[in-house]
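Have a look at the structure below before the remarks.
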Amino acid sequence: MIYIAKEGCESVKIGTKEHYDILERFEKDFYHMRLDREPTEIWSTGQVYQNGETNNAYRAYIAGYMLGRVTYMHGVHGE
């Protein structure tokens, strides 16, 4: 199993519908960037996009998604 996130943290499994939904949303939000993807075999290394700037933006995007997901799942609402 391959996940996006550090071990022991909530994560999204690479290749799942949730993961592809996140990729689709990222590409809609960042349509102005180079969106050439690396082969799926190397995504587990953290390199999803061929362009480093795009890949860094994706990493920040997925980190924000994961923070929102954990916050929602654990009922933390800024209290």
Next on the checklist: If you define the side chain from C-beta out and look only at heavy atoms, does anything of E53 sit under 4.5 Å from M33?
Outcome noted: yes
Next on the checklist: Could you tell me if the side chain of R34 sits less than 4.5 Å from the side chain of Q50, heavy atoms only?
Outcome noted: yes
Checklist entry - By ring pair (Phe, Tyr, Trp, His ring centres under 6.0 Å), which residues pair with Y65, not counting sequence neighbours? => result none
Checklist entry - Angle class for the Y58/F26 ring planes (parallel below 30°, perpendicular above 60°, tilted otherwise)? => result perpendicular
Checklist entry - Would you say the side chain of N51 lies within less than 4.5 Å of the side chain of N55, judging by non-hydrogen atoms? => result no
Checklist outcome for this item: Smallest heavy-atom separation, Q47 atom then R59 atom, equals N-NH2, 4.3 Å
Item to check | Salt-bridge contact K17-E24 (side-chain N to carboxylate O under 4.0 Å) | outcome: no
Item to check | Distance-minimising heavy-atom pair for A57 and F30 | outcome: CB-CE2, 4.4 Å
Item to check | Verify same cluster id: I22, I42 (apolar side-chain graph, 4.5 Å) | outcome: no
Checklist entry - If we only count heavy atoms from C-beta on, is the T54 to L35 side-chain gap below 4.5 Å? => result yes
Next on the checklist: For the backbone of E38 and the side chain of W43, can you confirm whether one donor and one acceptor N or O come within less than 3.5 Å of each other?
Outcome noted: yes
Checklist entry - Taking all non-hydrogen atoms of both residues, which atom of T71 and which atom of L67 are closest, and how far apart? => result OG1-O, 2.7 Å
Checklist entry - Can R25 and D21 be said to form a salt bridge (charged side-chain N to carboxylate O under 4.0 Å, His left out), step by step? => result CA-CA 6 Å; R25 185 72 244 171; D21 288 348; over 6 Å; no
Item to check | Side-chain H-bond candidate by donor/acceptor type, Y49 with E27, under 3.5 Å | outcome: yes
Next on the checklist: I'd like to know whether L23 forms a side-chain contact (heavy atoms from CB on, under 4.5 Å) with V48, so could you lay out the CA-CA distance, the side-chain angles of the two residues, the decisive distance to 0.1 Å, and finally the verdict.
Outcome noted: CA-CA 10 Å; L23 284 171; V48 176; 3.9 Å; yes
